[in-house]
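In what follows, every chain begins at residue 1, and chains take the letters A, B, ... in the order their sequences are listed. These values consider heavy atoms only, across backbone and side chains, with no hydrogens, waters or symmetry-generated copies.
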There are 2 protein chains.
Amino acid sequence: MAASLGLPLNFKVGVDNAIFSVDPAQNRLLVLLVMRESEPFLGQWSLPGTLVRHGESLEDAAYRILSEKIQVQNLYLEQLYTFAGPGRDPRELSDSQPLRYLSVSYFALVRFEEAQLMGTGVRGIAWYPLDEVPHLAFDHNRMVEYGHRRLRNKLEYSPIAFDVLPELFTLSELYQLYATVLGENFSDYSNFRAKILKLGFLSDTKMKVSRGAGRPAALYRFDAEAFAPLKDKPLVFI
Amino acid sequence: MAASLGLPLNFKVGVDNAIFSVDPAQNRLLVLLVMRESEPFLGQWSLPGTLVRHGESLEDAAYRILSEKIQVQNLYLEQLYTFAGPGRDPRELSDSQPLRYLSVSYFALVRFEEAQLMGTGVRGIAWYPLDEVPHLAFDHNRMVEYGHRRLRNKLEYSPIAFDVLPELFTLSELYQLYATVLGENFSDYSNFRAKILKLGFLSDTKMKVSRGAGRPAALYRFDAEAFAPLKDKPLVFI
DNA sequence: GCAAAAGTGTTCTTCATACACCCATGA
DNA sequence: TCATGGGTGTATGAAGAACACTTTTGC
């Protein structure tokens, strides 16, 4: 190490995605894992990742792996955190010249019902409930933690829920999403309802939909124009 | 470009610091800029930055440049955002082999009174009021913007103010810090005072201090133990 | 005594919380 | 007609905003 201090240090740069989704049927918060098919950590679960290619931005790379693993029409994606400590990838040691592996993690939220996992049974890819995530390759467990924290914050302070709901949705679908992500100590349905309607960016389409038994629910639509003035304001949906 | 698509892509990785401070005398929010002493962008203002060295983590590198530019005892520092788009550094073009320049930006808040700028008049280094920041090298203006947003959020939701105040401080010093960063549409002094005291993590030292004319102010101390249970809670100081 | 800075208290309104209750549908 | 999910209303207390007022100092 001491001998290499003067040498120019190069990096390999990868992108890893922490992709979250909510299964509305089971009310569970899920994260997408893939089985590693090469060394290091062959056969271990990990986040879907890739090395950044020529002419490609970090975000491009993030979208590329995402679309290689699942097909979705709607999603929210943003940069999460960058990990680059020495020793985070075992390949550093085996390389002849000084090299480090840096990974920029991205956070994504996708719609569960429309997400099509790519690859047949042979290729390991699966949704894992957040409280059953196994030990992952590299520092990917930390990425999942960071992502989970970001998800909760984003949901409270910004309208990412509407990037991931169908264009028309009922207020209980919206409530289920919030309650699943934010946990049990969340506002009750009737207060949530009153609060979010008062904010004024949900427009009633006057259409109704019946989900099994019970009174049919009104379908709402997110009104981006009405939301615009609230942007960057300390909105709290909780 | 097309020809190099199959080649392995290596990166140089740098760290750039957006270092903020508040001048209590002038009630101004400042950011630290340095004059570039080498190509590219020779002679242009920029954020203090460095390439990451062997065996050094990103955070190590961030602390290293920081301490090369200013001396402080107390500071708050955290990772901000990673920039790596193709074409962000002109050196990419001149290099013979495919190479990209990635920069991880860090956000720091330091105490103005104790910050000693390193370097004599020859080396360009200066505090700039945030609304007078000139056109900077690379994408550093975006880093300043990101940092400014982070500063406002952090101040509202976490106790970074106390990392940057003297151990003993008056409530108006605390108020000045908040008001300078968060702007004029901030809570008035008496409401701020009542609110923050009710939170219960400021302990009155019973000491008084006189700053010129007027009634002497009580000196308070941040009580980390009393604050601990409030950690991660949606604290809002505003 | 007066200005200046620190500190206290009061009023009014808005919002959060915890409920109870009514409505429309399927089985 | 009853269970089920959707939707409305209300009482209570806590929190926010605006502002008047008192206290303690220097000059």
Side-chain angles (χ1 to χ4, degrees), chain A residues 24-27 155-157 161 165-166 168-180 182-221 230 233-238, chain B residues 24-27 155-157 161 165-166 168-180 182-221 230 233-238:
Chain A
Q26 306 219 51
N27 271 12
L155 208 65
E156 288 186 47
Y157 301 122
L165 281 173
L168 303 181
F169 52 87
T170 71
L171 289 183
S172 25
E173 285 166 349
L174 183 61
Y175 178 72
Q176 283 308 323
L177 177 59
Y178 273 86
T180 304
L182 298 176
E184 285 316 308
N185 46 357
F186 182 59
S187 157
D188 85 343
Y189 176 64
S190 103
N191 291 326
F192 173 79
R193 191 187 160 79
K195 182 165 185 179
I196 206 146
L197 285 177
K198 199 165 12 174
L199 290 172
F201 54 75
L202 295 187
S203 59
D204 190 339
T205 65
K206 307 291 180 197
M207 286 183 273
K208 307 276 174 195
V209 67
S210 222
R211 311 253 196 254
R215 177 175 174 173
L219 284 170
Y220 285 83
R221 170 187 280 119
L230 303 175
K233 295 248 169 76
L235 256 197
V236 182
F237 298 113
I238 204 170
Chain B
Q26 306 219 55
N27 271 12
L155 208 65
E156 288 187 47
Y157 302 121
L165 282 174
L168 303 180
F169 52 87
T170 71
L171 290 182
S172 26
E173 285 165 349
L174 182 62
Y175 178 73
Q176 284 308 323
L177 177 59
Y178 272 86
T180 303
L182 299 176
E184 285 315 308
N185 45 359
F186 183 60
S187 158
D188 85 342
Y189 177 64
S190 101
N191 291 326
F192 173 79
R193 190 188 161 78
K195 182 165 185 178
I196 205 146
L197 285 177
K198 199 166 11 174
L199 291 172
F201 54 75
L202 295 186
S203 58
D204 190 339
T205 64
K206 307 294 180 194
M207 287 182 272
K208 306 276 174 194
V209 67
S210 221
R211 312 252 196 253
R215 176 173 172 173
L219 283 170
Y220 286 82
R221 169 187 281 120
L230 304 175
K233 294 248 170 79
L235 256 196
V236 182
F237 298 113
I238 203 170

Can you measure A:K198 atom NZ to C:dT14 atom P for me and round it to whole angstrom units? 10 Å
Under the rule for side-chain hydrogen bond (donor to acceptor under 3.5 Å, both in side chains), what residues qualify as partners of B:N27, not counting sequence neighbours? B:Q176
For A:Q26, the side-chain hydrogen bond (donor to acceptor under 3.5 Å, both in side chains) test, sequence neighbours excluded, returns none
Under 3.5 Å, which protein N or O atoms sit close to an N or O of nucleotides 8-12 of chain D? Give each pair with its distance.
| from | atom 1 | to | atom 2 | distance (Å) |
| --- | --- | --- | --- | --- |
| D:dT8 | OP2 | A:R193 | NE | 3.3 |
| D:dT8 | OP2 | A:R193 | NH2 | 2.6 |
| D:dG9 | O6 | A:S190 | OG | 2.9 |

Should B:K195 be listed as having a side-chain N or O under 4.0 Å from OP1 or OP2 of D:dA15? no
Apply side chain to side chain contact (heavy atoms under 4.5 Å, CB included) to residues B:Y220 and B:L165 and explain how you reach the verdict. CA-CA 11 Å; B:Y220 286 82; B:L165 282 174; over 6 Å; no
With sequence neighbours left out, what residues match A:D188 under side-chain hydrogen bond (donor to acceptor under 3.5 Å, both in side chains)? A:N191
Per nearest nucleotide of DNA chain D, the residue lying toward the 5' end, A:E173 or B:G214, is A:E173
Residue A:D188, side-chain heavy atoms: nucleotide from C:dG26, C:dG7, C:dC19 that is nearest: C:dC19
Just call it for A:A218: base, sugar-phosphate, or nothing, with non-hydrogen atoms closer than 4.0 Å on any strand. sugar-phosphate
For B:R211, give me all partners under side-chain hydrogen bond (donor to acceptor under 3.5 Å, both in side chains), at least two apart in sequence or on another chain. B:E173
By side-chain contact (heavy atoms from CB on, under 4.5 Å), which residues pair with B:T205, not counting sequence neighbours? B:L168, B:M207, B:L219, B:R221
Would you say a side-chain N or O of A:S172 is under 4.0 Å from OP1 or OP2 of D:dG5? no
B:F192 CZ - D:dA15 P separation (whole Å): 17 Å
Within this structure, what is the CE-to-P distance between B:M207 and C:dA6, rounded to whole angstrom? 17 Å
Could you tell me the separation between the OH atom of A:Y175 and the P atom of D:dG7, rounded to a whole number of Å? 14 Å
Between B:N185 (CG) and D:dG16 (C1'), how many Å, whole number? 15 Å
